[in-house]
Amino acid sequence: MNGQRGSTEEESIADLARRLVAADTGGWTPDGVRALAAQLGWAWSGTPSDTVLTTGRSAGNAHLRPVGEFEERYVGGESYVELAVPVATAAPDDAAQAAAFRAAKDELTEALGKPSIMGSHGDMGPFYDSGQLWGAPFLRWRGRPDTLELRAGKSGPELVLQPTGPAENWFWRQGVGEENSISGFFGSNRDQANVGLGFPGGWKARSWETVTRSLGDFLGALPAETTALGVRIGMPFYGRNAHGAPILFDVTCGDRLAIGCFAPDDVDPAALGWGTAAQHPSTASIWDDDDPVWRVDAGGPGEPKGRALAEMLVATARAAGVSDPSDLIVGGEAEYVDGYHVTYYGLGLPTG
């Protein structure tokens, strides 16, 4: 079978995904991968230095990732840790990339069911790959011995077949406690496929500069990633000060990012960059006109100025008496997103 159903009709993303899920990868050894290429009907020389499988697909050829310096410590006999297949191309802007990912997600969900895992790789993907500038969303249909992932690729979404063990071993070992040791966010649901899934520890931001950087990265990509994943995140932030831990911010993001501010009376939000409902009328569909009084509409995919938003939030928190990064707390409500339990590893902030 060569991935085509006729001379001019290309195999759908759903049909390709079904074939990848059903494929026998033979332990990801050289012989196993040669057999996999034959099963898929793709041309491959089979030599260790050749990582390209010719698929005939319009989005491009598939690529193997051999075990190298950054993969070796996480494998258990495999010679390869993934086969990535581009499934669509899109214009390079954030909105187009997010829309292409979402279209692939919808088709795959109809074919395979709801993914058991979703999240963002942030700026550090599996085996230390860098993420895409517009965002690094991913979805996984976890299995044994292999897992299928929909990932943001360089030109558009790609399907990645990978041995489950090495990818999860890499992820689990990243929670070493050092600042920025792990990024992005990770959500899993109660699917039976997630039995035995391990989770890394997190890290704690030790300075306001670290918070500004990590929060800026998160907010800048958030509407593109939530649009791509088809989810909506509601994230309150609480600030511990001498008077308790009142709510300071309400971050909400679906296809647009909006942030509400509940600063105490002795803080001047306008001077810090916050606006009102009159200045940000699109936020009226999220909050009442006077609750919160202060807010900002940061825009859709590609529009938020992450660093500037983070600087505004940090300045507001410090003006409200939050003296240490450990006192800026992500509300536990944010951990529940569309049936997934989500951990925001990349923020470096406590959750409670």
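Worth saying up front: this structure is predicted, and the values here are computed from it rather than measured.
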message = If the threshold is 4.0 Å, N to carboxylate O, is there a salt bridge linking D106 and R102?
response = yes

Name every donor-acceptor pair, under 3.5 Å, that has one atom in a side chain of residues 84-96 and the other anywhere in the protein, sequence neighbours excluded.
from: D93; atom 1: OD2; to: A95; atom 2: N; distance (Å): 3.4
from: D93; atom 1: OD2; to: A96; atom 2: N; distance (Å): 3.0

remark   = Contacts satisfying ring pair (Phe, Tyr, Trp, His ring centres under 6.0 Å) that involve residues 228-269 (not counting sequence neighbours) are F249-W274

message = Restricting to salt bridge (charged side-chain N to carboxylate O under 4.0 Å, His left out), what partner residues turn up for R34, sequence neighbours left out?
response = D31

ask   = Any ion pair linking E168 and R142 (charged N to carboxylate O, less than 4.0 Å)?
value = yes

request  = Check whether any side-chain heavy atom of V33 sits under 4.5 Å from a side-chain heavy atom of L83, and report yes or no.
outcome  = no

ask   = Quick one: does R206's side chain get under 4.5 Å of P325's, heavy atoms only?
value = no

Distance-only donor-acceptor pairs under 3.5 Å for side chains of residues 293-311, two or more places apart:
from: R295; atom 1: NE; to: P292; atom 2: O; distance (Å): 3.2
from: R295; atom 1: NH1; to: T283; atom 2: OG1; distance (Å): 3.1
from: R295; atom 1: NH2; to: D288; atom 2: O; distance (Å): 2.6
from: R295; atom 1: NH2; to: P292; atom 2: O; distance (Å): 2.5
from: D297; atom 1: OD1; to: R256; atom 2: NE; distance (Å): 3.4
from: D297; atom 1: OD1; to: R256; atom 2: NH2; distance (Å): 3.3
from: D297; atom 1: OD1; to: G299; atom 2: N; distance (Å): 3.1
from: D297; atom 1: OD2; to: R256; atom 2: NH2; distance (Å): 3.0
from: D297; atom 1: OD2; to: S282; atom 2: OG; distance (Å): 2.7
from: E303; atom 1: OE1; to: G300; atom 2: N; distance (Å): 2.7
from: K305; atom 1: NZ; to: E303; atom 2: O; distance (Å): 3.3
from: R307; atom 1: NE; to: E311; atom 2: OE2; distance (Å): 3.0
from: R307; atom 1: NH1; to: E209; atom 2: OE2; distance (Å): 3.1
from: R307; atom 1: NH2; to: E209; atom 2: OE1; distance (Å): 3.1
from: R307; atom 1: NH2; to: E209; atom 2: OE2; distance (Å): 3.4

ask   = With W42, which of N61, L36, L53 fulfils side chain to side chain contact (heavy atoms under 4.5 Å, CB included)?
value = L53

query = Got P236 and E333 here, is their nearest side-chain heavy-atom distance under 4.5 Å?
reply = yes

query = Using a side-chain heavy atom cutoff under 4.5 Å and only I, L, V, M, F, W and Y, what cluster partners does F138 have?
reply = V67, F70, Y74, V75, V81, I117, M124, F127, Y128, W170, F171, I182, F186, L197, F199, W203, Y345

ask   = Relative to the ring of H341, is the ring of Y336 parallel (under 30°), tilted (30 to 60°) or perpendicular (over 60°)?
value = perpendicular

key: Cationic N near anionic O, under 4.0 Å, R57 to E158   = no

query = Is S120 close to E225 at the side-chain level, that is, under 4.5 Å between some pair of heavy atoms?
reply = yes

key: Polar side chain donor-acceptor pair, W287 to D250, under 3.5 angstrom   = yes

query = Does a side-chain heavy-atom distance below 4.5 Å link K105 with L229?
reply = no

request  = Over all heavy atoms of both residues, which pair between I329 and G352 is shortest? Give the atoms and the distance, please.
outcome  = CG2-N, 3.5 Å

ask   = Taking NZ, NE, NH1 and NH2 as the nitrogens, is one of them in D338 or K114 under 4.0 Å from a carboxylate oxygen of the other?
value = yes

message = Is the shortest side-chain heavy-atom distance between W208 and L328 below 4.5 Å?
response = yes

query = Do I13 and L16 touch side chain to side chain, with heavy atoms closer than 4.5 Å?
reply = no

remark   = Here the side-chain hydrogen bond (donor to acceptor under 3.5 Å, both in side chains) pairs for residues 75-88, sequence neighbours left out, are E82-R151

